[in-house]
Each structure stands twice: as C-alpha cells, then as structure tokens.
There are 2 protein chains.
Amino acid sequence: MSDSGTEADGEIAGLPARRHSLDRRMILEAGADFIETHGLRQLSMRRLGARLGVEGMSLYRHVPSRDDLLDGIVEVVLDDLYGDPEVYLEPKNGWQDYLLRLARGLRRVALARPQVFPLIATRPPQAPWIRPPLRSLRWIDSFFGALGAAGFRDDAAVAAYRAFSSFLLGHLLLEVAAKGADIAPVEMPEPQGQIPGGLEAYPHVRRLEQRLSEDRSAEEFEESLANLLNRIEALRD
Amino acid sequence: MSDSGTEADGEIAGLPARRHSLDRRMILEAGADFIETHGLRQLSMRRLGARLGVEGMSLYRHVPSRDDLLDGIVEVVLDDLYGDPEVYLEPKNGWQDYLLRLARGLRRVALARPQVFPLIATRPPQAPWIRPPLRSLRWIDSFFGALGAAGFRDDAAVAAYRAFSSFLLGHLLLEVAAKGADIAPVEMPEPQGQIPGGLEAYPHVRRLEQRLSEDRSAEEFEESLANLLNRIEALRD
DNA sequence: ACCTGAACACCGTTCAAGT
DNA sequence: ACCTGAACACCGTTCAAGT
C-alpha cells in the first residue's frame, strides 16, 4: 500500500516543504491530522487546501475526489501497522502470538487516531469479503498464511477471520466512541447532549450510571481477545 | 421514545395525508425510507421535502436541523423493536431467553434497514456510556432489570452489557456491510471497486476468495451469541 | 399556523487561464 | 507542470413575506 515515492526531491523528508510541491502522500497525511483535530465534519477541500497553503482546487491535481481522499486517509493511517515493531507480517511464535499482536496493533492504531478510526471501520471496502478494520489485502493474506501454517483448514481459517474482524470492529468502535471521539464518520454536534427527560424513569441505569462510566476497556479487550483465541483454537484441525 | 402524537387529525393514519399537515413523525419515516432507497449521501433537506411535496425549508418547522433529523430517524427505526412480538421488555423465561430475543430482534432491525443501520451504529449517543446499537434508555434499563432479577451483581451486569453491545455492533455492522449495504453513513460510491492490482500478490486470499464470499452470517451470529451467553453466565454470582 | 422565496455562506468539482 | 479564479450546481439554514 501507499506508494509514497519520495522522489528524492532534495527536501527534508516529512516536512511540509516550502510552498509548492504538493504531493498525494502529504495531502493524505494532512487530511488525517485535520480530521483528528477538527473532526470529519469540518474537512472540506477548500479548508484542507488552506491548511496546506494552497487553494482547495489544487488538491484535485493529486486526489481525484473527496471520496478518494477519505479512502486514502484510511490507507495512510492503517499503514502505521507496518511500522509497528510489535506486529509481525510473518508469525514468529505461533498463530496465537500472531493474532494477539495484530489485534493489539490495530487497537493502538484506533487509539492513536480516535477521530479517524470510524472511517476505517465504515468506509465501503474494495471487495465485499474485506471486513474492516482488517482492510489491507497484505494483512488479510498474512492472516490466512499464519493460520494455514498452523494447520487450520480453509473453512476454519475463514471462520476465524470473520470472528476476528467482528470482534475488533465492535470493541474498537465502541472504545473509540466512549473516548469522547465522535463515533460518527458524518458529523459532530455538541460534546454530549444530556438525556432529555432525566434518568428518573430508568432506575437501574440511574443506579449504575457511575459504574457504567468507568473505563475498563483495556481489560475487557484482553479478556474478550483471550476468549476469541480459545474459540478459534477449537476450530483448528 | 418517539412521542408520535397522531393528534386525531381525522385522516387515514399512516398515509402521507393530502397536502399540508406535515408532522415530525412522518418526516422521520420518510427520511428512513429515503435513506433505504437512495442512500444517506442523497438525503438533503430539499430532496426530502420534495418527496413530501413541500419545499425543503418547510421541514425546519418540524425538525431543528439535519443532525436532529438523522437522530430522529435512528430513533424511529429502533422503535420497531417495541413492536416486535418476539422481543420482551420484561424477561419471561429467564435472562438467556431474554438476551437471545433482544439480540435477534436487533438483528432483524438491522437486516430490515441495512442502509440505516450504520447510522444506528455510529451516530454519537446521548451519553458516553450508551453503547450502540442498544441506544434506547428504556431497553438499557430493561437489560439491567433482567440481569439484576437473574442474580447478576452490578459489575457483572455492566460487563455483560458491554460484551453484548460490542458483539452486536461488530456482527451487525459487518453483516449489513456485506449485504452490499453501504456500510458508510457518509457516502456511497460505486457498488464495489475491484481490487486495483488484482490478487496475484495474495495467494491465500486468491485461493479463499470463493469461500470468503459465502454468506454464513446467520449461523455465525447464532454461534457467537451462544458463546457470548456462556461467557456472561460465567460472570454471574 | 404553516409554507414559500429569496438570500447567505458555504460545498465539490470543472476548466480555462495564468505563471 | 502546477496552481488559481471564476463558474456551476448544489448544500444547510434563516427569515421576511405570503396565504
């Protein structure tokens, strides 16, 4: 993914260059930052252009449309997984270690970009059998390679892939939403609209409100993940 | 939820009335239908107005903003759960039966409105501890009532609530997405962009493509749900 | 009381024109 | 080769005006 190119442009890499010399990669990176800072709602071609010191119309030289821009941002953010030293494309200590590392790596991506993650979760994938958040073919292929090498038959590997992606999507989307991140890829109204009628009519919720607000997401993630690995183990051979 | 009102207006209920007499409920219903038919992308105030035989600006008499319109649509669609004879607000045959019915009812809602469900899943909830897709306080309170009556301690009930919502969100969002529904609450480009480079570089995916495209979602849902109930059982007392 | 028309400040996108 | 300006067909939203 991400054919960066870098083109040996003679400039300090990773810096937004002086003035001209926009490039696709830099636009996507800026877009991801923009969403993280201001929310998807605020992202317009004109505003992103402004942030890059350029008219919005100039972006079309490098990015075919706003939709493509969003897809590109998803790709770029997911690319962090390739740079994560804790996650291996090739399993090194068995399939359980491999899945554990992959799951935790995706969680780190989600938590690093809580505003962008809903986009990772909900942008329509390139094929119907690609299941977010594992949307990169290289990782999906790596997933099946790891399970195949561990002796999983094809149907078991596919079942594992589906269970794994459902688990990640549900947990990470809700965790990121609870972080106060706007879970909606669409809009972001006020921080939190209080409950209109109050909680009088809902005694259990009222009693549990405090406890419901505690953050146990890390533990819950690990527990559910361990359970998932056990279920997957049961599918093997 | 949904203070319908109906107002004894002297007209055949449920029909879009002759000309005037817009009302909030009818706008929300039309909005849900519009999204289901044309996708969220296409929904604008002006177009929804046109569909109701009115200028878009007239909708503001009944709905404060487009955001509120979307929240209202989510509410109205989720209200189908109250009309579902298979789902009980009060448990009748123990907590497992109660959860099973609730989960299946939510799945029916998702499958009945695949284009709207992503909105249910991703619109920012009214409080941070409300976890989609179970976003109605009445149902959340009912959930805790059922588990409390079954002897769950508070922390166990909260853990169950979290596991239940993560499970539903992950499964249903991915199932609805695979249905060809546009999973994104934001946009809908072409039906499916084929993989750009082809599958040559991904041998496992290539081999498994057929199998990956098979729909086993109903069985997977039931299996994962059964497993979830076992995990929840283990939290009890 | 409820809907309409015109208006405002934006959008995404195209394209001829500038440098 | 790359960016800009003007333009087009839209948006959401407000509000005075109509009926």
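Protein chains get the first letters and strands the later ones, always in sequence-line order, with residue 1 at the start of each.
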Length of the line joining [X]:[atom1] and [N]:[atom2], which is rounded to integer Å:
| X | N | atom1 | atom2 | answer |
| --- | --- | --- | --- | --- |
| B:Leu69 | D:dC11 | CG | C1' | 14 Å |
| A:Leu52 | D:dC3 | CG | P | 10 Å |
| A:Glu55 | C:dC15 | CD | C1' | 15 Å |
| A:Leu59 | D:dC3 | CG | C1' | 11 Å |
| A:Arg41 | C:dC11 | CZ | P | 12 Å |
| A:Leu48 | C:dC10 | CG | P | 17 Å |
| A:Arg47 | C:dA9 | CZ | P | 15 Å |
| B:Arg46 | C:dC8 | CZ | C1' | 11 Å |

Does A:Ser44 have a side-chain nitrogen or oxygen under 4.0 Å from the phosphate oxygens OP1 or OP2 of C:dC11? yes
Kindly say if B:Ser58 contacts the phosphate of C:dC2, meaning a side-chain N or O under 4.0 Å from OP1 or OP2.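 Looking at the OP1 and OP2 atoms of C:dC2, neither is under 4.0 Å from any side-chain N or O of B:Ser58.
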Pick base, sugar-phosphate or nothing for A:Met57, based on heavy-atom distances below 4.0 Å to the nucleic acid. base
Taking the nucleotide of DNA chain C with the nearest heavy atom to each, does B:His62 or A:Pro64 sit closer to the 5' end?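 In this pair, the answer is B:His62.
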For C:dG18, the Watson-Crick or wobble partner whose two distances fall under 3.5 Å: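 C:dG18 is paired, partner D:dC2.
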Under 3.5 Å for both donor-acceptor distances, Watson-Crick or wobble: does D:dT13 have a partner, and if so which one? C:dA7
Give a yes or no on whether B:Glu214 atom CD has more than 12 heavy-atom contacts from other residues, nucleotides or ligands under 6.0 Å away. yes
Using modelled atom types and a 3.5 Å cut-off, is there a donor and acceptor pairing between side-chain atoms of B:Asp84 and backbone atoms of B:Gly105?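 No, B:Asp84 side chain to B:Gly105 backbone: no donor-acceptor pair under 3.5 Å.
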Can you tell me how the ring of A:Phe221 sits relative to the ring of A:His171, calling it parallel under 30°, perpendicular over 60° and tilted otherwise? perpendicular
So, for B:Tyr202 and A:Phe144, is the gap between ring centers shorter than 6.0 Å? no
Should the pair B:Asp33-B:Arg113 be classified as a salt bridge under the 4.0 Å nitrogen-to-oxygen rule?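 The answer is yes: the pair qualifies as a salt bridge.
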Nearest to the side chain of B:Arg61, heavy atoms from C-beta on, is which of D:dT13, C:dC2, C:dT13? C:dC2
